[in-house]
Amino acid sequence: MRVGWSVFLFVLAAAAEIGGAWLVWQGVRGHRGLLWVAAGVAALGVYGFVATLQPDANFGRILAAYGGVFVAGSLGWAMVVDGFRPDRYDVAGAMLCLLGVAVIMYAPRSGG
């Protein structure tokens, strides 16, 4: 259950951060206005809070692993929201990042 909860939190954090950044992008670059920017800033705040809920207490480990989730999640977001079509190198890179997440977060460690 601990791994499942952690993965859920990573997905939730990715949605909040990527969605927040996208909203800011749309507000500024898409000229949609300050409400979009404000919604993006709020979503980015949610990301920061969700990260604190991870079971592991090591900030550096959480943030490093989240980087890999962010890479894969960004490509997924771009596919769904913007119609981006990743090539095989995008997919391979994302898979390598997720493998790195698994090693960083879920490899057995001595002493807890």
Side-chain angles (χ1 to χ4, degrees):
M1 178 63 173
R2 184 171 186 237
V3 172
W5 177 247
S6 174
V7 169
F8 170 75
L9 290 172
F10 275 130
V11 170
L12 186 61
E17 185 181 17
I18 297 164
W22 184 84
L23 286 166
V24 171
W25 179 279
Q26 293 299 315
V28 175
R29 301 276 306 251
H31 306 287
R32 295 189 180 198
L34 290 178
L35 287 177
W36 284 67
V37 172
V41 169
L44 290 166
V46 169
Y47 153 71
F49 178 76
V50 169
T52 69
L53 301 176
Q54 280 289 345
D56 192 298
N58 296 292
F59 173 78
R61 182 175 294 143
I62 299 299
L63 203 57
Y66 177 70
V69 174
F70 180 80
V71 169
S74 295
L75 290 173
W77 181 279
M79 290 170 56
V80 171
V81 176
D82 293 327
F84 175 72
R85 300 201 52 128
D87 63 22
R88 62 184 172 177
Y89 301 108
D90 294 324
V91 172
M95 297 303 290
L96 285 170
C97 288
L98 291 177
L99 178 62
V101 170
V103 170
I104 290 169
M105 287 300 298
Y106 310 120
R109 290 185 164 80
S110 60

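No experiment lies behind these values; they were computed from the predicted model shown. Counting from 1, the numbers follow the sequence of the chain as shown.
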- Pair F10-F70, side chain to side chain contact (heavy atoms under 4.5 Å, CB included): steps then yes or no: CA-CA 9 Å; F10 275 130; F70 180 80; over 6 Å; no
- Message: Run M105 and I62 through side chain to side chain contact (heavy atoms under 4.5 Å, CB included) and show every step you take.
- Response: CA-CA 8 Å; M105 287 300 298; I62 299 299; 3.7 Å; yes
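Under the 4.5 Å side-chain heavy-atom criterion for ILVMFWY residues, no single connected hydrophobic cluster contains both V81 and L44. One hydrophobic cluster, built from ILVMFWY side chains closer than 4.5 Å, holds both F8 and V46. Under the 4.5 Å side-chain heavy-atom criterion for grouping Ile, Leu, Val, Met, Phe, Trp and Tyr, V41 is not connected to F49 through any hydrophobic cluster.
Contact between V69 and A14 at its shortest, heavy atoms only, is CG1-CB, 3.9 Å. The nearest pair of heavy atoms linking G68 to L98 is O-CD2, 4.1 Å. When all heavy atoms of A94 and V71 are compared, the closest pair comes out as CA-CG1, 4.5 Å. Of all heavy-atom pairs spanning I18 and G73, the tightest one is CD1-C, 3.4 Å. Residues W36 and Q26 approach most closely at CE3-CB, 3.6 Å, considering heavy atoms. Between L9 and L53, the closest heavy-atom pair is CD1-O, 3.3 Å.
With S6 contributing its side chain and R2 its backbone, the two residues share no donor-acceptor pair below 3.5 Å.
The side-chain hydrogen bond (donor to acceptor under 3.5 Å, both in side chains) pairs that include a residue from residues 57-68 are E17-Y66, D56-N58, D56-R61, where partners are two or more places apart or lie in different chains.
Between the CH2 atom of W22 and the CG atom of D82 there is a distance of 7.0 Å, given to the nearest 0.5 Å. With values rounded to the nearest 0.5 angstrom, L12 atom CG is found 8.0 Å from W5 atom CH2.
Within the 4.5 Å cutoff, the side chain of Y106 has heavy atoms near those of the V7 side chain.
Remark: F84 CZ is packed, more than 12 non-hydrogen atoms of other residues, nucleotides or ligands lying under 6.0 Å away.
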